[in-house]
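Just so it is clear, the values below take in all heavy atoms, side chains as well, and ignore hydrogens, waters and symmetry mates. In what follows, chains carry the letters A, B, and so on, assigned in the order in which the sequence lines appear, proteins first and then strands, with residues in each chain numbered from 1.
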2 protein chains.
Amino acid sequence: MQKAAIERNNETIAAQLTPVGRETVQDRVYSELRRALIGGLFEPNQVLTIRGLADALVTSTMPVREALGRLITEKALEALPNRSVRVPPITLERIDDLLRARSLIEGEAIALAATRMSPRQIASIEAMLGEWDEMRALKHKKDIDREATLNQSFHFEIYRCCGSAVLIPMIESLWLQSGPCIRVAIYAFSDAGEVDTAHYHRSIVAALAKQDAQAAREALVADISRPFAFLRDKLQSAATKDQT
Amino acid sequence: MQKAAIERNNETIAAQLTPVGRETVQDRVYSELRRALIGGLFEPNQVLTIRGLADALVTSTMPVREALGRLITEKALEALPNRSVRVPPITLERIDDLLRARSLIEGEAIALAATRMSPRQIASIEAMLGEWDEMRALKHKKDIDREATLNQSFHFEIYRCCGSAVLIPMIESLWLQSGPCIRVAIYAFSDAGEVDTAHYHRSIVAALAKQDAQAAREALVADISRPFAFLRDKLQSAATKDQT
DNA sequence: TCAAAGCAAGTGTGATCACAAATCAAAAAT
DNA sequence: ATTTTTGATTTGTGATCACACTTGCTTTGA
């Protein structure tokens with residue numbers, strides 16, 4: 001019996017091959033819609049139809065309706081009484097509400113991460129920061145999508161170190177909910193002149209490197225407050241203008 | 001033209017009729033599964049099959065699979081790599097993780113509620129407390145289901161006053177996730193002798209009546225920590241016993 | 001001229017079917 | 001006796017269809 005030999009052979013094969021994964025269509029639809037939502041491809045109040053999305057994604061309605069259902073339970077989308085679904089509208093209350101929740105939960109996550117991050121993990125984050133600067137220096141034209149993606153990776157790389165399997169999905173849900181709002185703010189930013197966004201990220205990394213949980217929390221809150229505050233002002237001025 | 005008369009007639013009819021509501025089958029399945037989960041009808045590690053649930057609920061597979069998908073995104077259920085779904089297992093890490101998240105978020109919610117609750121709302125909570133004692137005094141036999149339901153109403157009545165449409169769904173998700181754990185603890189409680197659960201709730205109400213946010217937060221954390229701590233001890237002793 | 005009724009296109013929901021993958025048990029081979 | 005293979009059953013996934021409800025427009029009636 002060549003059991004050991006066969007076993008060894010299988011192992012060498014396994015070492016060379018990369019797992020193929022068995023992502024379902026529904027998963028791909030879900031990821032794609034998530035990406036679109038966080039990226040702000042859909043604007044607030046826009047209604048989405050199952051068949052419309054199915055056509056756009058070139059699948060049948062089945063995976064789409066299940067993905068939509070999941071996004072609705074995460075409050076990333078909203079089910080109207082008409083049974084149609086839309087991207088939730090932006091209101092002042094919702095902005096404040098989201099910012100408070102994000103400060104609370106992401107603040108806790110980064111405070112936990114501050115005491116747990118290994119030097120290797122810190123270095124990884126710092127490298128990211130450098131790459132970021134590089135990109136920003138290179139292209140004078142603003143690449144908002146790339147910027148947003150990098151920002152997302154930066155934050156979640158940190159959050160992943162908090163060691164909480166409960167908090168992280170909640171943070172993902174919060175990003176999903178604030179995605180459309182943030183994107184509106186970002187676009188407004190690029191018109192209203194640039195702020196030094198890099199500064200915030202540097203102070204986050206500095207606090208993490210010192211394992212200073214409180215400083216990390218404060219730096220993070222300052223970072224995520226920025227677009228919310230901007231959007232808040234924008235909405236308020238729009239509201240007062242409507243009154244005239 | 002009798003327009004005014006017709007209008008008046010319609011209004012009187014509308015006043016007598018109660019809206020019929022348009023709950024879908026999927027919604028009912030979802031609610032039912034939620035109830036079962038929070039109530040601890042399913043035990044940790046139990047796998048659920050779509051067809052099995054569909055038969056039990058007397059519907060087709062369609063509403064069930066969508067409800068399951070929603071529960072999975074809320075982390076109330078877990079999707080195994082086999083694509084089958086089970087209720088998540090209890091581990092020590094998960095218990096601590098859930099307790100931390102619940103203390104953080106529910107603590108924030110009650111702190112917000114403490115500054116916002118109207119005297120009328122406080123009175124409503126107090127009345128609940130009385131009804132509670134009454135029930136407990138009446139039946140010497142412990143009615144765990146009723147107890148749990150009342151506890152749930154008590155907490156969410158308070159949380160609803162926090163005025164955050166973002167926090168409340170997160171709390172619901174957390175209850176869903178800790179439901180099976182808690183139920184295990186509760187059952188163990190009833191064997192291990194009763195603790196004065198009423199005391200915790202009284203101190204919560206007292207803090208709310210004084211609008212003392214910090215005291216309310218602390219009282220709440222003490223309240224929700226109790227079953228978690230109990231369960232934690234139980235698991236740890238079981239683990240050490242396994243080692244022998 | 002304007003509101004109400006009627007019609008047609010579009011949309012979500014649930015049921016059913018086909019298919020592929022997983023699971024389990026019995027049979028075969030070592 | 002243990003392992004492997006084979007085959008039957010179960011299970012999740014995706015597609016399609018039927019039905020009910022909504023919506024927007026046209027037509028009808030006052």
Side-chain angles (χ1 to χ4, degrees), chain A residues 1-10 13 17 19-33 42 45-73 76-88, chain B residues 1-11 13 19-33 42 45-73 76-88:
Chain A
M1 183 185 314
Q2 312 169 332
K3 219 168 83 174
I6 291 174
E7 188 71 19
R8 202 163 46 241
N9 185 27
N10 283 344
I13 291 179
L17 260 39
V20 65
R22 298 196 312 117
E23 209 182 24
T24 62
V25 178
Q26 181 191 154
D27 290 335
R28 279 196 292 276
V29 171
Y30 178 69
S31 306
E32 190 61 20
L33 291 181
F42 302 133
N45 278 18
Q46 182 177 353
V47 315
L48 306 177
T49 67
I50 294 180
R51 285 176 172 91
L53 290 174
D55 287 350
L57 297 166
V58 196
T59 51
S60 78
T61 63
M62 183 63 53
V64 175
R65 54 199 272 196
E66 294 186 347
L68 284 185
R70 291 168 67 180
L71 289 168
I72 288 170
T73 67
L77 294 175
E78 195 179 37
L80 298 171
N82 327 341
R83 304 224 163 282
S84 65
V85 356
R86 73 168 175 191
V87 181
Chain B
M1 184 183 319
Q2 311 167 334
K3 219 168 84 172
I6 292 174
E7 188 71 19
R8 202 164 44 243
N9 186 27
N10 284 346
E11 274 173 21
I13 291 179
V20 65
R22 299 193 312 118
E23 209 182 23
T24 63
V25 177
Q26 180 192 153
D27 290 335
R28 279 196 294 275
V29 171
Y30 177 70
S31 306
E32 190 60 21
L33 291 180
F42 302 132
N45 277 20
Q46 182 177 353
V47 316
L48 306 177
T49 68
I50 294 180
R51 285 177 173 91
L53 290 174
D55 288 350
L57 296 167
V58 197
T59 50
S60 78
T61 63
M62 183 63 54
V64 174
R65 54 200 272 196
E66 295 186 345
L68 284 185
R70 291 168 66 178
L71 289 168
I72 289 171
T73 66
L77 294 175
E78 195 179 37
L80 298 169
N82 328 343
R83 303 224 164 282
S84 64
V85 355
R86 72 168 175 192
V87 0

Please list, one pair per line, the donor and acceptor atoms closer than 3.5 Å that link side chains of residues 79-87 of chain B to other protein atoms, with sequence neighbours excluded.
unit_1	atom_1	unit_2	atom_2	d
Arg83(B)	NH2	Arg22(A)	O	2.1
Arg86(B)	NE	Glu78(B)	OE1	2.7
Arg86(B)	NH2	Glu78(B)	OE1	3.2

Show me, pair by pair, the donor-acceptor contacts under 3.5 angstrom made by side chains of residues 47-65 of chain B, not counting sequence neighbours?
unit_1	atom_1	unit_2	atom_2	d
Thr49(B)	OG1	Gly52(B)	N	3.0
Ser60(B)	OG	Met62(B)	N	3.3
Arg65(B)	NE	Glu66(A)	OE2	3.1

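Heavy-atom minimum distance, Ala76(A) versus Pro88(A): O-CD, 3.3 Å.
To the nearest 0.5 Å, the span separating OG1 on Thr24(B) from CG on Asp27(B) amounts to 3.0 Å. Considering CG of Leu77(A) and CZ of Arg70(A), their distance stands at 12.5 Å, rounded to 0.5 Å. Note that OH of Tyr30(A) is 6.0 Å distant from OG1 of Thr73(B), once rounded to the nearest 0.5 Å.
Taking atom CZ of residue Arg22(B) and atom P of nucleotide dC19(D), one finds them 19 Å apart after rounding to whole Å. Across the protein-nucleic acid pair, Asp55(A) atom CG and dT16(D) atom P stand 12 Å apart, rounded to whole Å. Going from atom CZ of Arg86(B) over to atom C1' of dG12(D) covers 17 Å, rounded to whole Å. In this structure, the CD atom of Glu23(B) is 16 Å from the P atom of dC21(D), given to the nearest Å. Look at CD on Gln26(A): it is 19 Å from P on dT11(D), rounded to the nearest Å.
Taking the side chain of Thr49(A) as heavy atoms from C-beta on, and the options dT11(D), dA15(C), dT11(C), the nearest nucleotide is dT11(C).
For Asn82(B), no side-chain nitrogen or oxygen approaches OP1 or OP2 of dG12(D) to under 4.0 Å.
Contacts of Arg83(B) with the nucleic acid, taken as non-hydrogen atoms under 4.0 Å apart, involve only primed sugar atoms and P, OP1 or OP2. Within 4.0 Å of Leu53(B), counting heavy atoms only, lies no atom of the nucleic acid at all.
For the pair Arg51(B) and Met62(B), both in contact range of DNA chain C, the more 5′-proximal nearest nucleotide belongs to Met62(B). Comparing Pro81(B) and Thr61(B) by the nucleotide of DNA chain C that holds the closest heavy atom to each, the one mapping nearer the 5' end is Thr61(B).
Scanning residues 63-71 of chain B for heavy-atom distances under 4.0 Å to DNA chain D yields Arg65(B).
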